[in-house]
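Residue numbers start from 1 in every chain, and the chains themselves are labelled A, B, ... in the order their sequence lines are given, proteins ahead of strands.
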Amino acid sequence: MRESFFEEVYRIVSMIPRGQVATYGQIAAYLGNPRGARTVGWALGSLPEGLDVPWHRVINSQGRISGQPRGQRASEQRAMLEEEGIAFDDSGRIDMTKYGWTMAQ
DNA sequence: CGTATGACGAGCC
DNA sequence: AGGCTCGCCATAC
């Protein structure tokens, strides 16, 4: 029984600890698809509600929130990250060297 | 089975 | 530094 790519993404994202963030590419690479960042984003976009997956801890390689900056989802994501203690600079970017998830286990 | 889609990424100007 | 283009990949139809 192999999980769909979606389920694998959900599983990995669920491992991101509070107060840290990971990039789409990072997750894709972990799943064996260094080039499948888009697919990861798509998987999160189709994320059903009620799965207890910290989707807000996933951002793009620039350390910014993806999607429409004005969108409701983006503001909500930023609010949740700030609540976890993550800081945004004037450009709305996160310091990956400081909050980036290292997948250390 | 071919085409379209999407919360991306790296490169180039 | 900021913005644009092209490449990538798993589903949906």
**Complete:** When rounded to whole Å, the CG to C1' distance for the pair Asn60(A) and dG6(B) reads 14 Å
**Request:** Pull out every residue in residues 69-86 of chain A that has a heavy atom closer than 4.0 Å to any atom of DNA chain B, ordered by number, or say none.
**Result:** Arg73(A)
**Asked** Considering only dT11(C), dA7(B), dC9(C), which nucleotide approaches the side chain of Ser4(A) most closely?
**Response** dT11(C)
**Prompt:** Under 4.0 Å between a side-chain N or O of Ser61(A) and OP1 or OP2 of dC8(B)?
**Reply:** no
**Asked** Among Glu84(A), Glu76(A), Arg78(A), which one satisfies side-chain contact (heavy atoms from CB on, under 4.5 Å) with His56(A)?
**Response** Glu84(A)
**Prompt:** Using a cut-off of 4.0 Å on non-hydrogen atoms, how would the nucleic acid contact of Gly25(A) be classed: base, sugar-phosphate, or nothing?
**Reply:** sugar-phosphate
**Request:** For Arg38(A) and for Phe6(A), find the nucleotide of DNA chain C with the closest heavy atom, then tell me which residue's nucleotide is more 5'.
**Result:** Arg38(A)
**Request:** Take atom CD1 of Ile27(A) and atom C1' of dA7(B), then tell me their distance rounded to the nearest Å.
**Result:** 11 Å
**Request:** Give the rounded distance in Å between these two atoms: CG of Leu47(A) and P of dA7(B).
**Result:** 13 Å
**Item:** Side-chain N or O of Asn33(A) closer than 4.0 Å to phosphate OP1/OP2 of dA10(C)
**Value:** yes
**Asked** What is the distance, rounded to the nearest whole Å, between atom CE of Met96(A) and atom P of dG9(B)?
**Response** 9 Å
**Fill in**
Closest non-hydrogen contact found for Val58(A) with Ile16(A) is CG2-CD1, 4.0 Å
**Asked** Within this structure, what is the CD-to-P distance between Gln62(A) and dG11(B), rounded to whole angstrom?
**Response** 13 Å
**Item:** Euclidean distance, atom CH2 of residue Trp42(A) to atom C1' of dC8(C) [Å, nearest integer]
**Value:** 14 Å
**Message:** Using modelled atom types and a 3.5 Å cut-off, is there a donor and acceptor pairing between side-chain atoms of Glu3(A) and backbone atoms of Arg11(A)?
**Reply:** no
**Nucleotide dA7(B), atom P - distance to CD1 of Ile65(A) in whole Å** = 14 Å
**Message:** Of the options dG9(B), dG2(C), dC9(C), whose atoms approach the side-chain atoms of Arg93(A) most closely?
**Reply:** dG2(C)
**Complete:** Out of dA7(B), dT11(C), dC9(C), minimum distance to the side chain of Leu44(A) belongs to dA7(B)
**Asked** Across the strands shown, which category fits Thr39(A) at heavy-atom distances under 4.0 angstrom: base, sugar-phosphate, nothing?
**Response** base
**Request:** Could you check how far OH of Tyr24(A) sits from C1' of dC9(C), rounded to whole Å?
**Result:** 16 Å
**Contact summary for Gly36(A) and Ala28(A), nearest pair of heavy atoms** = C-CB, 3.6 Å
